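Data first, discussion second: the structure below is written as structure tokens.
As the structure lists them, so they are numbered: ligands from 1, and atoms in each ligand from 1. Since the structure is predicted, the reported quantities are computational estimates derived from the model, not experimental observations.
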Amino acid sequence: MDTVSQGVARELSLLKGKHFVSSADFTSQQIQSLFNLSTQLKSQQRRIDLGNRVLGLIFSKASTRTRVSFQVAMARLGGQIIDLGVQSTQISRGESLKDTSRVLSRYCDALAIRTHSHQELIDYANWSSIPVINALTDLEHPCQALADFLTLKENFGELKGLTLSYVGDGNNVANSLMICGAILGVNIRIACPLGFEPNSLLIDKARLLASPNSIIEISNDPFEIVKGANAIYTDVWASMGQEKEQQERQMAFEGFTLDKKLFAEADAEAIVLHCLPAHRGEEISDEVMESKSSRIFDQAENRLHVQQALLAALLGGL
Ligand code: CP
Ligand code: NVA
């Protein structure tokens with residue numbers, strides 16, 4: 001079969017022209033439909049040609065996976081990207097965001113933005129007449145969460161009722177994971193050192209959006225939180241922009257390393273996830289990262305497939 005089902009096509013057609021700034025932006029059916037299309041694209045059952053559309057990238061932080069996966073996704077869709085290095089644009093000389101966003105809307109078909117301030121991303125979206133995609137802010141990383149749950153679905157089939165435990169910093173990755181998981185009916189258990197829990201407004205939002213029976217639990221005890229879980233996830237202790245806090249955080253996160261001893265508390269069939277880049281020996285041991293339970297590189301690959309599906313839907317190429 002080289003077409004998506006009518007139901008999936010209908011759900012995805014609702015995404016045409018939309019922004020994707022938060023994991024809260026899409027419904028469970030829309031996310032599942034994106035997974036369905038991602039799987040078809042991944043298995044090469046389906047090809048989509050968008051006809052030379054252009055995605056502008058505005059990245060003011062480093063990136064390997066997000067930048068390259070968006071670039072390859074656009075190439076596979078018959079389009080291209082323009083990498084708008086912030087330093088070489090007038091943004092670096094203070095041109096206003098509202099002018100930049102309106103001008104780029106006249107040239108490009110979509111924008112993927114990686115920046116510190118989540119509000120800045122929202123401002124871009126408010127002034128843009130083309131879809132704006134969150135390629136990571138200090139608050140959320142929704143494209144990552146899509147790839148994470150696609151990986152979970154590939155491993156377990158049904159997502160509803162699974163338990164994903166996240167151990168580490170309650171950061172952008174944890175926030176999006178929590179919201180997306182709640183919408184999809186996954187139980188999300190998060191263990192952070194005291195004071196490093198996810199944003200409380202986002203915890204409330206996740207609970208509000210949660211599918212019936214999906215439980216969001218926040219704790220300061222990593223051993224208790226990973227018990228019996230189907231997947232254990234971690235991320236760096238100091239995110240981009242927090243480099244000066246590295247030493248202080250290393251002390252605060254003592255006991256939160258995802259190592260063999262902690263992983264042994266999970267379900268016997270549990271998988272290991274990490275968004276990458278990893279600091280081996282800090283948030284995750286080399287042994288766990290290289291173990292047969294690791295799906296970390298499948299997860300990285302899935303960034304490409306799910307973003308290709310996302311672009312096709314936002315650009316109305318179905
Ligand atoms: N996981 C992720 O977003 O990686 P990059 O920072 O390399 O894009
Ligand atoms: N939390 C990390 C994720 C990197 C993909 C950061 O923001 O640096």
Side-chain angles (χ1 to χ4, degrees), residues 20-23 38 55-74 81 83-86 111-121 133-152 164 166-180 190-193 196-199 202 231-246 248-250 252-253 256-258 272-280 282-284 289 294-308 310-311:
F20 184 47
V21 298
S22 165
S23 285
S38 307
L55 173 71
L57 299 187
I58 309 176
F59 278 34
S60 51
K61 288 175 172 177
S63 171
T64 299
R65 279 144 290 270
T66 310
R67 186 193 301 278
V68 177
S69 55
F70 268 122
Q71 188 148 11
V72 175
M74 276 310 276
I81 68 124
D83 198 342
L84 294 147
V86 171
L111 296 173
I113 300 176
R114 172 169 285 203
T115 187
H116 288 277
S117 154
H118 193 73
Q119 186 56 50
E120 186 180 310
L121 179 82
I133 300 170
N134 181 348
L136 181 146
T137 65
D138 288 351
L139 197 65
E140 279 208 55
H141 197 3
C143 292
Q144 180 67 53
L146 290 180
D148 301 340
F149 288 104
L150 175 62
T151 310
L152 218 62
L164 183 150
Y166 175 97
V167 177
D169 186 24
N171 59 18
N172 42 11
V173 168
N175 288 337
S176 281
L177 207 56
M178 175 175 69
I179 296 171
C180 192
I190 298 182
C192 312
F196 294 92
E197 296 87 353
N199 179 296
L202 293 192
I232 315 292
Y233 197 124
T234 190
D235 182 21
V236 290
W237 292 338
S239 285
M240 289 180 275
Q242 296 172 331
E243 289 78 6
K244 285 200 183 113
E245 299 170 29
Q246 176 71 32
E248 176 196 323
R249 281 173 172 261
Q250 246 164 280
F253 283 79
F256 282 77
T257 300
L258 177 52
V272 176
L273 298 173
H274 190 307
C275 60
L276 299 175
H279 288 185
R280 291 169 196 245
E282 288 183 27
E283 78 276 3
I284 189 165
M289 221 175 136
S294 168
R295 298 291 180 276
I296 293 172
F297 295 97
D298 295 337
Q299 185 187 358
E301 179 187 335
N302 282 336
R303 295 292 306 278
L304 167 63
H305 308 299
V306 87
Q307 284 162 207
Q308 195 180 339
L310 175 71
L311 287 165

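Taking the six-membered ring for Trp and thresholds of 30 and 60 degrees, Tyr233 and Tyr166 have ring planes inclined between 30 and 60 degrees apart.
If you check which protein heavy atom lies closest to atom 4 (O) of ligand 1, you get Arg65 NE, 2.8 Å. The shortest contact between atom 7 (O) of ligand 2 and any protein heavy atom is with Asn172 ND2, 2.8 Å. Protein heavy atom in closest approach to atom 2 (C) of ligand 1: Arg303 NH1, 3.4 Å. Looking only at heavy atoms of the protein, atom 4 (C) of ligand 2 is closest to Leu136 CD1, 3.9 Å. The protein atom (non-hydrogen) at minimum distance from atom 6 (O) of ligand 1 is Arg114 NH1, 2.8 Å. Protein heavy atom nearest atom 3 (C) of ligand 2, with residue, atom name and distance: Asp235 OD2, 3.6 Å. Here the heavy atom of the protein found nearest to atom 8 (O) of ligand 2 is Met240 N, 2.8 Å. Considering only non-hydrogen protein atoms, atom 7 (O) of ligand 1 sits nearest to Thr64 N, 2.7 Å.
Of the polar atoms of Pro277, none of the N or O atoms is found under 3.5 Å from an N or O of ligand 2, judged by distance alone. Backbone and side-chain nitrogen or oxygen atoms of Ser239 are examined, and one is located within less than 3.5 angstrom of a nitrogen or oxygen of ligand 2. Backbone and side-chain nitrogen or oxygen atoms of Cys275 are examined, and one is located within less than 3.5 angstrom of a nitrogen or oxygen of ligand 1. Residue-to-ligand polar distances place Leu276 within reach of ligand 1: an N/O pair is separated by less than 3.5 Å. Considering both main-chain and side-chain atoms, Arg67 never comes within under 3.5 Å of ligand 1 through any nitrogen or oxygen pair.
The only option from Gln308, Gln307, Glu301, Arg303 that meets the side chain to side chain donor-acceptor pair (under 3.5 Å) definition with Ser69 turns out to be Gln307.
Using a 4.0 Å cutoff on heavy atoms, Leu276 counts as a contact of ligand 2. Within the structure, the closest approach of His141 to ligand 1 falls below 4.0 Å when heavy atoms are considered.
Close approach of ligand 2 to Asn171 (heavy-atom distance below 4.0 Å) involves ligand atoms 1 (N).
Taking CD1 from Ile296 and CG from Leu273, the interatomic distance works out to 7.0 Å, rounded to the nearest 0.5 Å. Between the CG atom in Leu136 and the CZ atom in Arg65 there is a gap of 11.5 Å [rounded to 0.5 Å].
Leu139 is listed as a side-chain neighbour of Leu202, based on a closest heavy-atom distance under 4.5 Å.
Of all non-hydrogen atoms in Arg280 and Met289, the two that sit nearest each other are NH2-CE, 3.6 Å. The two residues Ile133 and Cys143 come nearest to each other via the heavy atoms CG2-SG, 3.6 Å. Across all non-hydrogen atoms, the minimal contact from Leu304 to Ala73 is CD1-N, 3.5 Å.
Taking the ring centroids of Phe253 and Phe196, they lie under the 6.0 Å cut-off.
In this structure, a donor-acceptor pair under 3.5 Å is absent between the side chains of Thr234 and Glu283.
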